[in-house]
Colleague: 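Questions regarding the structure given below will be posed in turn.
One-based numbering, in listed order, for ligands and for the atoms of each. Please read all numbers here as calculations on a predicted model, not as lab measurements.
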Amino acid sequence: MKLQNDLFLRTAKGEITERTPVWLMRQAGRILPEYRAVRKQAGDFITLAKTPEMAAEVTIQPVDILGVDAAIIFSDILVIPEAMGLPYEMVEKKGPLFPKVVQSKQDIDNLKIADPETDLGYVLEAIDIVKRELNGRVPLIGFAGAPFTILCYMVEGQGSKTFSKAKKMLYTQPALAHTLLQKITDSTISYLKAQINHGADLVQVFDSWAGILSPQQYKTFSLPYIKQICDAITETPVTVFAKGAYFARKDIGKLDCQVVGLDWNMDIRESRRMIKNKTLQGNLDPCVLYGSNRSIESHTKKMLKSFGSQYHIANLGHGVYPDTDPDKVKCFIETVKAYQHS
Ligand code: CP3
C-alpha cells in the first residue's frame, strides 16, 4: 500500500522532506467530543479498547478532525501486563488499578510471556481495520510501554508520583526486578512485531517514568531492555521517548532507534548536539495550548526554528491534556504546517 502522506515516515527514516510532520501524543482521546461520544457508547475505557471497530474509529478521528500527519493505534501500555496474566481496571477519574501486583519470585513465575495473536488479538484486529480504513492516507504508529515503566505499574498496582514500591524492588531485590524486566521485554518484542505484521508503520516505546530513576539506575534497569527492543525491531523505524530522562540522552542517542522523543525540559539545541544522526520528536509544553492562538503560534514557531527544517517531527513534550480545547490543538497543527523556515 503506497502512502499518500508519508512525511512522518520519511522524516523518521532520516530523509529530507518538504515540511515538518506533526502529530500529538494522546491525540486519540478525551480532547475530542467525538471520542467522548464513542467512549460513552462503549461504557468504559477497557470495553472501548477491546472493541476493534470502536478502537479503530477513535484512532482515525484525529486524522479527519485535526489533520495530523500520523495516526496512533488507540490502546494502552497496560495491555501487556494483562496479556501476561495481571489484569487492570480503569477507575473513573483516578486511572489504572491492578487488583493483583507482583511482589515475589512466585508472582513472576506465574506470569506468562504474552502471545500477541491470542492475548492481544483485539489490538491487532483494530490495526487491521485502521489500515483498511486509512487506506494509505497517513502512516499508523504502533506502541508499547518501556519495560521499566510497565514494571512500575505491575509492582505499584496503580499510578503514583514516586513509584516508591517499584523503586524499592530495584534497590532491595534487583535480581527479581531483572527477571520481571526480561519477561516484559520478551512479551513486548513479540507484541511490537505483531503490530508491525498487521501494518504498523513505526513503533514508539513510551518510557513515561524514566525520569524517576537516577542516571545509574536508568543504565541498569531501563536502557538495556529498551536496547533489546531496538535491536530486535528491524522491520520499521523505532521511536524511543523517555520522559524526564534528560540525563540519558547521550546513551539513548547510541541506541539503534531512528527517532528520539524530547520533553520540554530538554533544551533543543543541546539535545541536537547530544543525539547525532537521529530524528528528534517533540517537545512543546502541553500547557502552551492553554494560551491564546497568538501565544501558541509564537511558541510553536520558536520551537520549529530551534529544531531546524529537517530531522524533526513536531509534537508536544508529553501527551495532550484532556481539558485542552481542540481548536487550540488545531492552531498548533496549522502553525506547524504553514511554517516556512528562513
Ligand atoms: O496516544 C494516543 O492517542 C493513543 C492512545 C493511548 C492511550 N494511552 C489511551 C488512554 C496511549 C499511547 C496511551 C499510553 C499510556 N497509557 C502511557 C504512556 C504515555 C504517557 O502518557 O506517558 C501511560 C503512562 C498510560 C497509562 C494510563 N492510561 C494512565 C496513567 C491512564 C489514566 C490517566 C489518563 O491519562 O487518563 C490511562 C487511561 C487512558 N489511556 C485514557 C486514554 C484515552 C483515558 C481513559 C478514558 O477514556 O477515561
Side-chain angles (χ1 to χ4, degrees), residues 22-51 54-63 65-66 68 70-82 86 88-98 123 126-127 130 138 140-154 156-161 163 166 188 191-192 195 200 202-212 239-245 261-264 281-283 286 313 315-324 326 329:
V22 57
W23 69 283
L24 281 84
M25 290 187 277
R26 298 292 198 108
Q27 66 190 15
R30 291 156 296 176
I31 55 163
L32 295 177
E34 293 84 350
Y35 166 84
R36 292 198 296 269
V38 180
R39 166 86 158 67
K40 203 168 163 194
Q41 211 185 323
D44 61 273
F45 172 79
I46 294 182
T47 305
L48 173 52
K50 287 189 175 172
T51 310
M54 285 184 171
E57 184 179 352
V58 299
T59 299
I60 296 173
Q61 281 175 348
V63 178
I65 300 165
L66 302 172
V68 285
I72 177 162
I73 188 68
F74 181 80
S75 185
D76 203 274
I77 61 169
L78 303 176
V79 300
I80 277 287
E82 178 163 89
L86 212 65
Y88 69 104
E89 296 164 7
M90 202 56 87
V91 183
E92 207 64 47
K93 297 200 163 60
K94 278 198 69 185
L97 181 72
F98 287 86
V123 181
I127 293 179
V130 168
V138 292
L140 176 65
I141 302 169
F143 71 90
F148 168 67
T149 287
I150 296 299
L151 174 145
C152 281
Y153 286 101
M154 291 176 88
E156 195 84 23
Q158 58 188 23
S160 161
K161 281 202 173 75
F163 281 97
T188 303
Y191 179 44
L192 290 174
Q195 292 185 40
L202 172 148
V203 292
Q204 174 157 332
V205 178
F206 286 92
D207 205 354
S208 303
W209 298 109
I212 65 173
T239 299
V240 174
F241 174 56
K243 171 90 176 57
L262 303 183
D263 67 43
W264 61 91
Q281 176 172 279
N283 75 342
I313 296 163
N315 205 311
L316 304 179
H318 198 190
V320 60
Y321 296 136
D323 60 346
T324 307
V329 175

Colleague: Excluding sequence neighbours, so at least two apart, what forms salt bridge (Lys or Arg N to Asp or Glu O under 4.0 Å) with Glu82?
Modeller: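 Only Lys50 meet the salt bridge (Lys or Arg N to Asp or Glu O under 4.0 Å) criterion with Glu82.
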
Colleague: Do Leu32 and Leu66 make a side-chain contact, defined as non-hydrogen atoms from C-beta onward lying under 4.5 Å apart?
Modeller: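 They are in side-chain contact.
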
Colleague: Measuring from Gln204:CD to Thr239:OG1, what's the distance to the nearest 0.5 Å?
Modeller: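 If we round to the nearest 0.5 Å, Gln204:CD and Thr239:OG1 are 5.0 Å apart.
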
Colleague: So, for Tyr88 and Tyr153, is the gap between ring centers shorter than 6.0 Å?
Modeller: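 Not close enough - the centres of the two rings lie 6.0 Å or further apart.
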
Colleague: Assign the ring pair Phe74 / Tyr35 to parallel, tilted or perpendicular, where the plane angle (0 to 90°) is split at 30° and 60°.
Modeller: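 Tilted: the ring planes of Phe74 and Tyr35 meet at 30° to 60°.
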
Colleague: With rounding to the nearest 0.5 Å, note down the distance linking OG1 in Thr59 to CD in Gln27.
Modeller: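 The OG1 atom of Thr59 sits 9.0 Å away from the CD atom of Gln27.
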
Colleague: Filter the ligand 1-protein atom pairs down to N or O on both sides and distance under 3.5 Å, then list them.
Modeller:
unit_1   : atom_1 : unit_2 : atom_2 : d
ligand 1 : 1 (O)  : Arg26  : N      : 2.8
ligand 1 : 3 (O)  : Gln27  : N      : 3.1
ligand 1 : 3 (O)  : Ala28  : N      : 2.7
ligand 1 : 3 (O)  : Ala28  : O      : 3.4
ligand 1 : 8 (N)  : Arg26  : NE     : 3.4
ligand 1 : 8 (N)  : Asp76  : OD2    : 3.1
ligand 1 : 16 (N) : Arg26  : NH2    : 3.3
ligand 1 : 16 (N) : Asp76  : OD1    : 3.2
ligand 1 : 16 (N) : Asp76  : OD2    : 3.1
ligand 1 : 21 (O) : Arg26  : NE     : 3.4
ligand 1 : 21 (O) : Arg26  : NH2    : 3.3
ligand 1 : 21 (O) : His318 : NE2    : 3.1
ligand 1 : 22 (O) : Ser208 : OG     : 2.5
ligand 1 : 22 (O) : His318 : NE2    : 2.7
ligand 1 : 28 (N) : Asp76  : OD2    : 2.7
ligand 1 : 35 (O) : Arg26  : NH1    : 3.1
ligand 1 : 35 (O) : Arg30  : NH2    : 3.1
ligand 1 : 36 (O) : Arg30  : NH1    : 2.9
ligand 1 : 36 (O) : Arg30  : NH2    : 2.9
ligand 1 : 40 (N) : Asp76  : OD2    : 2.7
ligand 1 : 47 (O) : Tyr35  : OH     : 2.6
ligand 1 : 47 (O) : Arg39  : NE     : 2.8
ligand 1 : 48 (O) : Arg39  : NE     : 3.3
ligand 1 : 48 (O) : Arg39  : NH2    : 2.7

